[in-house]
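Index from 1, following the sequence.
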Amino acid sequence: MAEPHVEAQAAPQAGGRATATGMRPSAIGPSTRERWDRISPYVILLVAVALVVVGQLAEDLADSQPLQLLTPSSAHRRWTLIAAVVYMLAISLVIDRLVLQSLAALDRLVRIKPDRFRDYMDRMRRPGLAVDIAILATAGVVVAVTFWGLQTSLPIDDPMTKTPMFLPEGGLAAAAVLIEYTVVGWAVLMLVWTTVRRARALGALSREPLQIDVFDTANVLPLGNIALATALAPAGVVVILLFGFGAPSSPISWALLVLVTLASLVALLLPLRGIHGQMEGAKVRVLSDINQRLRASYDDLRQTKTKSPDEMGGLRNQVGTLIDLRRTVNEMTTWPFRDTLAFGRAVLIALAPLIYTVFNELISIFLIGPLNR
């Protein structure tokens with residue numbers, strides 16, 4: 001179930017870093033293995049989603065009639081599970097592509113050795129086959145013990161009778177359901193694993209020496225984009241589940257919602273603390289330099305009682321330029337986003353599951369509730 005890395009070629013730079021991914025250009029075009037590496041993540045996604053659909057179909061055939069999958073309005077929980085799996089696997093491809101597209105910008109931003117840089121990039125991408133197999137095996141064992149060994153009810157009840165459902169008695173149907181939830185468990189565990197792994201690598205990279213330009217912060221934006229995508233991954237799953245399964249109905253489910261939302265916020269902010277500190281430090285240093293130059297201009301004006309019009313004009317232009325520069329630097333954000341508004345939007349996106357749920361509950365209590373009395 002591995003999602004192979006998609007290799008990208010990068011032009012050699014003056015600093016001697018030839019290719020960010022360590023791949024040498026080929027004069028004869030991509031080989032069969034390279035072409036398979038490019039399409040294999042999408043093949044895996046399609047196969048995984050197909051297995052989940054087959055498992056949901058087996059559950060649907062085992063519950064009460066009719067076949068609810070043909071009418072999504074009566075089987076929204078089944079389609080929600082399928083949509084959640086599609087999202088968890090697709091967002092991994094999106095973030096992996098985002099990391100690849102950010103290689104050139106990050107290469108110019110950080111001042112570390114090429115091998116160390118490639119290590120960071122590998123850690124920010126999806127792990128290899130060995131980790132996939134280990135997580136898939138772990139998910140399979142947990143699913144088998146839970147639904148076959150302990151005979152625990154399945155996550156989705158009968159949509160018509162609302163009664164709990166258990167593993168079907170038929171061999172093929174039971175196998176399809178076990179495989180389905182093994183894929184679901186694998187997708188969830190991989191999402192958690194890659195989120196934690198990527199956040200830790202991003203946090204370590206943001207603490208490395210960075211080339212911060214207070215007048216042009218475009219080169220730091222990829223770090224913010226990767227952090228936002230990393231935080232969006234778990235938040236998006238929660239939003240999908242809230243749409244399909246409804247708002248939390250117990251203290252435990254509310255606590256889980258709060259914990260997942262806070263985890264998304266931490267995944268956004270914690271990895272960026274290093275670059276936030278460096279950007280803030282660079283901003284303070286430039287402001288200090290501008291203020292010193294303004295002070296020197298004032299002292300020059302005060303010590304010289306008489307100045308020619310040309311000298312006064314030059315001094316006025318110099319002071320005006322310094323004041324404009326100080327205003328520009330003061331408006332600089334100290335987080336790797338386009339501006340303060342973009343940073344605020346990123347925080348709101350991370351908090352989206354909790355905000356959405358609380359907003360819906362308030363509407364239900366204060367607007368819908370009185371109308372039903």
Verdict with supporting geometry, Tyr356 and Val239, side-chain contact (heavy atoms from CB on, under 4.5 Å) = CA-CA 8 Å; Tyr356 166 80; Val239 170; 5.5 Å; no
Would you check, one step at a time, whether the test side-chain contact (heavy atoms from CB on, under 4.5 Å) holds for Leu268 with Thr230?
-> CA-CA 7 Å; Leu268 172 67; Thr230 302; over 6 Å; no
When you look at Asp119 and Arg123, which way does the salt bridge (Lys or Arg N to Asp or Glu O under 4.0 Å) test go after all the steps?
-> CA-CA 6 Å; Asp119 179 63; Arg123 287 163 55 192; 3.5 Å; yes
Pair Asn225-Ser102, side-chain contact (heavy atoms from CB on, under 4.5 Å): steps then yes or no | CA-CA 9 Å; Asn225 293 336; Ser102 304; 5.7 Å; no
Begin with the C-alpha distance, continue with both residues' side-chain angles, and end with the deciding distance and a verdict on salt bridge (Lys or Arg N to Asp or Glu O under 4.0 Å) for Asp115 and Arg118.
-> CA-CA 5 Å; Asp115 290 343; Arg118 282 194 296 269; 2.2 Å; yes
Between Val177 and Val143, does a side-chain contact (heavy atoms from CB on, under 4.5 Å) hold up when you go through it step by step?
-> CA-CA 10 Å; Val177 172; Val143 168; over 6 Å; no
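For the residue pair Ser264 and Pro234, the shortest heavy atom distance occurs at OG-CG, 3.6 Å. The heavy-atom pair separating Ala235 from Ile349 by the smallest distance is CB-O, 4.2 Å. Ala139 and Gly185 get closest at one heavy-atom pair: CB-C, 3.8 Å. The nearest pair of heavy atoms linking Leu89 to Ala48 is CD1-CB, 3.5 Å. The two residues Pro353 and Ala350 make their nearest non-hydrogen contact at CD-O, 3.7 Å. Scanning all heavy atoms of the two residues, the minimum distance from Arg207 to Gly274 falls at CG-CA, 3.9 Å.
Between Thr334 and the options Glu280, Gln278, His276, a side chain to side chain donor-acceptor pair (under 3.5 Å) holds for only His276.
A donor-acceptor contact shorter than 3.5 Å is absent between the side chain of Asp158 and the backbone of Asp63. In this structure, the side chain of Ser288 does not engage the main chain of Val284 through any donor-acceptor pair within 3.5 Å. Remark: the backbone N or O of Thr328 is not paired with any side-chain donor or acceptor of Glu331 at under 3.5 angstrom.
Between Asp339 and Thr333, the side chains place no donor N or O within less than 3.5 Å of an acceptor N or O (distance only, hydrogens not considered).
Between Arg295 and Asp299 there is a salt bridge, since a side-chain N of the basic residue sits under 4.0 Å from a carboxylate O of the acidic one. A salt bridge links Asp324 to Arg327: one of the charged nitrogens lies within less than 4.0 Å of a carboxylate oxygen. Between Glu59 and Arg78 there is a salt bridge, since a side-chain N of the basic residue sits under 4.0 Å from a carboxylate O of the acidic one. A salt bridge does not link Arg125 to Asp122: none of the charged side-chain nitrogens sits closer than 4.0 Å to a carboxylate oxygen.
Following chains of ILVMFWY side-chain contacts shorter than 4.5 Å, one can reach Val237 starting from Leu348, so the two form part of one hydrophobic cluster. Both Leu178 and Val53 are part of a single hydrophobic cluster, where members link through side-chain heavy atoms under 4.5 Å apart. Both Val358 and Val258 are assigned to one and the same hydrophobic cluster, defined by single-linkage of ILVMFWY side chains at heavy-atom distances under 4.5 Å. At a threshold of 4.5 Å between side-chain heavy atoms, the hydrophobic network of Ile, Leu, Val, Met, Phe, Trp and Tyr places Ile112 and Ile226 in one connected group. In the hydrophobic cluster analysis, where Ile, Leu, Val, Met, Phe, Trp and Tyr join through side-chain heavy atoms closer than 4.5 angstrom, Leu51 is grouped together with Trp148.
Note: Leu325 CG to Asn330 CG = 11.0 Å, rounded to the nearest 0.5 Å. Atom OG1 of Thr152 sits about 10.5 Å away from atom CG of Leu167, to the nearest 0.5 Å. Rounded to the nearest 0.5 Å, atoms CG (Leu210) and CG (Leu205) are 6.5 Å apart. For the atom pair Thr321 OG1 and Arg326 CZ, the distance stands at 13.0 Å (nearest 0.5 Å). Taking CG from Leu354 and CG from Leu262, the interatomic distance works out to 7.5 Å, rounded to the nearest 0.5 Å. Atom CE of Met332 and atom CG of Leu287 lie 9.5 Å apart (nearest 0.5 Å).
A heavy-atom distance below 4.5 Å is found between the side chains of Glu180 and Gln56. Using a 4.5 Å heavy-atom cutoff, the side chains of Ser92 and Leu191 are not in contact. Side-chain atoms of Met165 and Asp157, non-hydrogen and from C-beta on, never get closer than 4.5 Å to each other. Put simply, the side chain of Val286 reaches to within 4.5 Å of the side chain of Ile290, judged on heavy atoms. Counting only heavy atoms from C-beta outward, the side chains of Pro164 and Leu154 never approach each other to under 4.5 Å. Side-chain contact between Ile275 and Leu272 is present, with at least one heavy-atom pair separated by less than 4.5 Å. Put simply, the side chain of Leu202 reaches to within 4.5 Å of the side chain of Met124, judged on heavy atoms. Counting heavy atoms from C-beta on, the side chains of Val214 and Met279 never come closer than 4.5 Å.
In the displayed structure, Trp254 atom CH2 is contacted under 6.0 Å by more than 12 heavy atoms of other residues, nucleotides or ligands. Within a 6.0 Å radius of CD in Glu169, no more than 12 heavy atoms belonging to other residues, nucleotides or ligands are found. Heavy-atom contacts from other residues, nucleotides or ligands closer than 6.0 Å to CZ of Arg293 number 12 or fewer. Within a 6.0 Å sphere centred on CZ of Phe359, other residues, nucleotides and ligands contribute 12 heavy atoms or fewer. More than 12 heavy atoms of other shown residues, nucleotides or ligands fall within 6.0 angstrom of atom CG in Leu150.
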Side chains of residues 217-224: which donor-acceptor partners sit under 3.5 Å, not counting sequence neighbours?
residue	atom	partner	partner atom	Å
Asn219	ND2	Gln211	O	3.1

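In the hydrophobic clustering (ILVMFWY side chains linked at under 4.5 Å, chained through shared members), Val266 is joined by Leu270.
Every ring pair (Phe, Tyr, Trp, His ring centres under 6.0 Å) that Phe343 has, sequence neighbours left out, goes to Trp335, Phe337. In this view, Ser253 and Ser250 satisfy the side-chain hydrogen bond (donor to acceptor under 3.5 Å, both in side chains) rule, not counting sequence neighbours. In this view, Phe147 and Tyr181 satisfy the ring pair (Phe, Tyr, Trp, His ring centres under 6.0 Å) rule, not counting sequence neighbours. Residues passing the ring pair (Phe, Tyr, Trp, His ring centres under 6.0 Å) test with Tyr298, sequence neighbours excluded: none.
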